[in-house]
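Since the structure comes first, as structure tokens, the remarks are kept for the end.
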Amino acid sequence: MADITKTGAYICSGCGIGDCVNVEALATVATKEGKVAFAKTHPMLCGAEGVALIKGDIASGAVTAVSIAACSPRVCYDIFDFGESAVLDRIDIREKVAWSQEPGHLETQALAEDYIRMGMVKIKAMELPVPFIPEEPSKTIMVVGGGIAGMTAALNAAKAGYKVELVEKEPALGGFANSLGMRLPDKAPYDAPMENDIGQLVEDVIGDDYINVHLGATINKVSGGPGIFDVSLSNGTDKAFRAGAIVLATGFNPYDVKKLTKLGADLPGVVGSVEFESMLKEGKAPPKRIVFILCAGSRDDEHLPYCSSVCCASSLKQAWLARQANPEASVTVIYRDIRTTGNMEFFYKQVQQDPGIFLTKGETPQVAREGDELSVTAENTLLGGKVKFMADMVVLATGMVPSTLDPSVKVDKPEDQMQDFDRDQVGKASILKLDYRQGPEVPDLKLGFPDSHFICFPYETRRTGIYAAGTVRHPMDASVAKNDAIGAAMKAIQCVEMVPRGEAVHPRARDLSHPEFAMERCTQCKRCTVECPFGAINEDEKTNPIPVKSRCRRCATCMGACPVQIINFKNYSIPMVGAMIKAIDMPDEDEERPRVLAFICENDAMPALEMAGINRLRINPVVRFVPLRCMGSLNLQWIADALSSGWDGIMLLGCKHGDDYQCHNVKGSELATIRASKVQETLDRLMLESERILVDAVQISDWQRLPKMIDGFVEQISEMEPNPYKGF
Amino acid sequence: MADTQTLTIQPDPAFVKSIMENGGETLKKCFQCGNCSVVCNISPDVSPFPRKEMVWAQWGLSDRLLGNADVWICHGCADCTTHCPRGARPGDVMAALRNISFRRFAGFDFMGDLLAKPSGLFLLLLVPIVWIGGMIAVASKEGFMSMKPIVFSNMMPVPAIDAVFLPAVGLAVVSALLGLSRFWRQLKENSPGLATPPGSIISAALAVIKGIAIHEKMGKCVTNSYRFSSHLMTMYGFFALMATTGLVALMYWINKLQLGSVAATPLALSHPVKILGNIGALLAVSGVTMIVARRYGQDGDKTGSLVYYDSHFIFILYGTILTGIGAETLRLLGLAAPAFGIYYVHLVLVFTLLVYAPFSKFSHLMYRFVAMTYARMGKRERPGGAG
Amino acid sequence: MTAALEAAEMGRKVTLVEREPYLGGRVIRMAKYFPKLCPPGCGTEINFRRLRANPRVTIMVDSQVASITGARGDFTATIKTRPRYVNEKCTACGDCEKVCPVERSDSYNYGMKNTKAIYLADALAMPFRHSIDMSVCKGADCGECVKVCKYEAIDLAMEEKTTTITASAVVHATGWKPYDASRIENLGYGQIKNVINNVEMERLASVSGPTEGRILRRDNGEPPSVVAMVQCAGSRDENHLPYCSSICCLVSIKHANYVREQYPDSDVYVFYIDLRAPGKYESFYRKAMEDPKIHFIKGKVARIEEDESGRAVVTAEDIIGGGKTRVACDLVVLATGMEPESKSVAPLMAKFNPDGFILEELQGDAGLIACGVASGPFDVTTSTQNSTAAALKAVQAGARR
């Protein structure tokens, strides 16, 4: 707890704040009600003079905590940076008040004063975080999978000076690339297949003394967390080592061609692209008439709904090689769309020019046997309507299935005890065998690809310190996979560097705070261990939570989950927010001045709100905003606190959830919605209006819509009776 | 195109190769975007060309291609080539298909072979050189070289000319007609939707002639806009020259058979027939010069790539016209030896031009006319064209 | 930003040099990302947040690298910083804007909007400070902004600054620009008002854009009822950009979503050669196909003409449907491809391929690294991914082993 008698409040009157509110009155609130040592106002706190004023107070020992009421913490962050010399809090009365409220209005002043009240109790409850540093952290990186991606990740981590443990289940390195004759070009001018140089990569890996290769190895168990992953594996002998981070590069399995019976997979002469590749590699001359069917089992709801990305290019390669092997051959390629993106277009262009290769778009292909021959029909072709091709061989270009899938795996638990994460483990190949309460493998969102925030954080899986790379993450070709692997190695390196400094990794990078559990009051309800989106909390046999802190992303979902409020951060806690809720000057029931509390996600809704201010949109003055790390950190205690302190309405403004979720912590907003719905049920039971609580998703770009949405809610609240608990 | 029946397609690499060798070497670059069909100002809305021809060409579907009126409705504007995103040069492929068609339909494969390669040129020229040379040796007047004024018929009397040209051209006409009838059959067989032309052949032909008379289609070319004027001049110049030749022959026989008395060659410069001839020569030489300048000049590639077939036709035509003018000029200058020499060359070239016409690019004139007429009958070609 | 942050979070010092007065590049100007249809501002804000928390990154906006000498492990770069005429005392309070008498065409909004000569690029701008466009500013003769600024933040006499730094590696993340569609003669861009390109569409759909997020006809401001997306406007075309720009198909599907969301009665036509929605993006395409009012037509648009009512008539051959098709559209969006900026902004030591991309294999082991669209036509997630890779390559150049 910050020492309130050693806390200074600094109130800026610049940027129109002074024209909008009475800053002296704010100072009085800070000292009289907030009981801080002093409150100083200044016309330009961010100027050299203002900063010197604060620094002087810190240096003289007058304050150990600084509360600055001025602009948003999103700006002047570098100016108001006092390091570890003082606890710092920023109260935004510029964007949230001066720029978005009617100057001089009674409610405007009330709003600013409430923010000061909230700020004063907040800083009182804050402490400087003490970083958590695991014991004996390792900077070694474990790479699982010895294919192109895995080997590239290993080599690049090694090149940067990190030791690597490379684990491959097969007796040799190389992965799928070993089965290829020639490979796709990855260098300009991209006009011909290239020599398969996987051997060179294998040699480089074996020759690198920073890389320790385990062949024919199976992982028995991975326990611990980032910095302290303890791995045991066996490949004949049992081995154990500690790693700081893991790169998951286990690649893909080709889709089982035998399932494609509609495409004649059971007919003689019909082969999958993998089989055809080995024919080419072995130097068997292909027959005279070959028909390729692309998207065989891809872009198909009965098989793989997604596009496997590489089949177009690799089939073009095979067509080209087939013509090399048998110049008499004519090769027909039936495609749905040729998807040779980027520079691979040049390869397509080149292959097209082979006079023996014939390409056409064609849909719903069908394969039949006609005597000694095969026939392939397709609709909507470029040749006009439905056409038929006769063939001696049909090649089905099959897609990629992430190696994380194994349909045979079941989870041995009764249905009523299954949690979401248990269901997630059904059909998951046993690879990492994580000693995690939420299951042994990395969760996916759908289709088996390890979940990540697909656009912005491509590498983060839902297991901190474990980064997916290559085709296990997304269908991609080898050259993309190589780059992908280098990036994943970088994330792993970051992780092993940041964890020993006690820092959080992406997205709350460098955050030093972490959850602390007051275990003596724990009721073993398992809520935190179940709800943590990152599986950071294990359980002992008595279902006591065992947080593995280096796994923590600091989203505080556990804090929100805990029904007995035993999980808190030094600078972010249930009592802190609770105090803020109770701190405001609640108008009396008969004043007709409703008060609405809005919990907003600090990543999206808060910047949106500020942008509304920057654009000088009016924001309803009855609403007080409390930014949360993540909606997932919303504890129901706060709702109870708010209702009992007389707030008339509560808004929870988080992020979109579902398949296209936008929550940076994957589950935060979804969990908050579930929690809020429970309160709403309770309210209904108590004959209180459940409409007093609104849950909505706000995007950062919603700044224009947001004020209207807030007005709408306030209007709805105004139509209700005031909260009956007012004044209690 | 919701064809209900399923067609079996067998790609024909040999035919693909032959298109590539006849000027369409870029055809495999096409990726079927359809850009060409839209940039073309001539291509109709319903089953437009040349996108479909490009895919047929890529697959070597010769039957569909050669009985296809669209190959001839294409006027080689090269707008498709200019705008092709892939460098597939559809204009060249269409031209190549026409080159192949001349040979396919005319028959007498050896003729086509001779015309397709420079090595055949010697043999082709040898025939008129010997035949006309022989006729001169036999029929020329004694000492024609020193007679004044210079009269070409002293060297090659009209009956001698007729003796050479009437049978030769007759033969050409026969093979042209044969070619046309084959072509007509193919059109009926392979231009689906046009197989039962509802319109009358006469009115269709008249409409086409009207269109050709004003070069309605070439007028829509953008890339090869030069072609409108140059081809128009060449065409009218050529027709004028042909008319002159015919009139001169007619006048000769009128005099000869004493059907009347008209002026005899050499005609005075003021004689209407002479005027017609000179205007024709002027038009033709200007037109062909423009063509040569564009196609063989800088950026000539943009107008369409040149194959020997084109060059053969262009230069025989150009040579014919230039030697005609040269002979006349030298004659007027009174330079007997060069005048007779050039005239001899002129006759050789005229022979080459006319007699080999059914096998050369010259026959575009009849195939295009027939194809357009057929298409017009089938309502594919509407007045004003499509596009 | 990603490359800088990844290296900085690992522990390296990074100087981030940006030509514009703000960070965020092209992406921050977009309305939404595919396939989640979420706003890029969200991820950008996360990166800003990471930058705020990381003193290891020195941000230099308004700056360009003038020269680089040296070799892997030991480069010296000279950086020229254009005068912004507004110093770090600026609080972005906006008083100056109110008094500024001069307007300029706003390049942030691709000229579809005007700002004052002193302007803040965007409400999300980082750094959050104004800047002055001296090409239109009247300078000291006017000085209105100087008078009104309470914070002495405006300095009209500011001069170009040159900074020299040393570095062990150089990462080129210079991005792209939309291909100049006016060079595709037959598509009418620049001539027909209702023909726009895809980056302009992003601004139209963006709440901070010229129409506050409403997609409207460009000639009369009416809501459109028929909109066409024209794929491969410049890409996969030897006469323009020979490569596939990788993103345009998905961008256009995204645009179709924008239109359909705003106008439930509208029809959207997407004309394409091959619809390229690789990998998991397929489901994004699939969802659009389920909308009966989004029409996908295989056929490249080769002609756009204006009719008497100002609509843009698009012609293409409907290759599967048969025949030429003409659609009169209220708005036509050309899916213009990405052209690397690298040649114009990063002369320096890097080597380019003929298309202007900085390819790794051309650089040898020189410590010259490229990522994002500087290294090839990539989407945002792939750029994020290979920027992370670039950071490691840069770190390796300084590693001692």
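Chain identifiers are assigned alphabetically (A, B, ...) following the order of the sequence lines, protein sequences preceding nucleic acid strands; residue numbering begins at 1 within each chain. Below, each value reflects all heavy atoms present in this structure, side chains not excepted, and no hydrogens, waters or symmetry copies.
Between atom CZ of residue B/Phe31 and atom CD of residue A/Glu345 there is a gap of 6.0 Å, rounded to the nearest 0.5 Å. One distance of note links OG1 of A/Thr360 with CD1 of B/Ile9; it measures 8.5 Å at 0.5 Å rounding. Note that OG1 of A/Thr381 is 9.0 Å distant from CG of B/Leu7, once rounded to the nearest 0.5 Å.
Minimum heavy-atom separation, A/Thr332 to B/Trp59: CG2-CH2, 3.3 Å. Nearest approach of A/Leu383 to B/Arg64, heavy atoms of both residues: O-NH1, 3.0 Å. The nearest pair of heavy atoms linking A/Leu382 to B/Val55 is O-CG1, 3.6 Å. Shortest non-hydrogen contact noted between A/Gln353 and B/Lys28 is CA-CB, 3.6 Å.
Interface summary for chain B: among A/Lys388, A/Met390, A/Glu379, the most heavy-atom pairs under 4.5 angstrom belong to A/Lys388.
When the shell of 6.0 Å around CZ of B/Arg104 is examined, it contains 12 or fewer heavy atoms from other residues, nucleotides or ligands. Enclosure of atom CD in A/Glu328 is not indicated, since only 12 or fewer non-hydrogen atoms of other residues, nucleotides or ligands lie within 6.0 angstrom. The number of heavy atoms from other shown groups lying within 6.0 Å of CD (B/Glu25) does not exceed 12. For A/Lys281, the NZ atom is densely surrounded, since the number of other residues' heavy atoms within 6.0 Å is greater than 12. Counting heavy atoms of neighbouring residues, nucleotides and ligands inside a 6.0 Å radius, atom CD of A/Glu370 exceeds 12 of them.
The closest side-chain heavy-atom distance from B/Val16 to A/Phe358 is below 4.5 Å.
For the pair B/Arg86 and A/Tyr348, the distance from NZ or CZ to the six-membered ring centre is under 6.0 Å and the angle to the ring normal is within 45 degrees.
For chain A, no part of B/Leu27 is nearby; none of its heavy atoms comes within less than 4.5 Å. Looking at B/Lys29, both its backbone and its side chain come within 4.5 Å of chain A, counting heavy atoms on both sides.
Side-chain atoms of A/Gln352 come within 3.5 Å of backbone atoms of B/Cys30 as a donor-acceptor pair (strictly under, hydrogens ignored).
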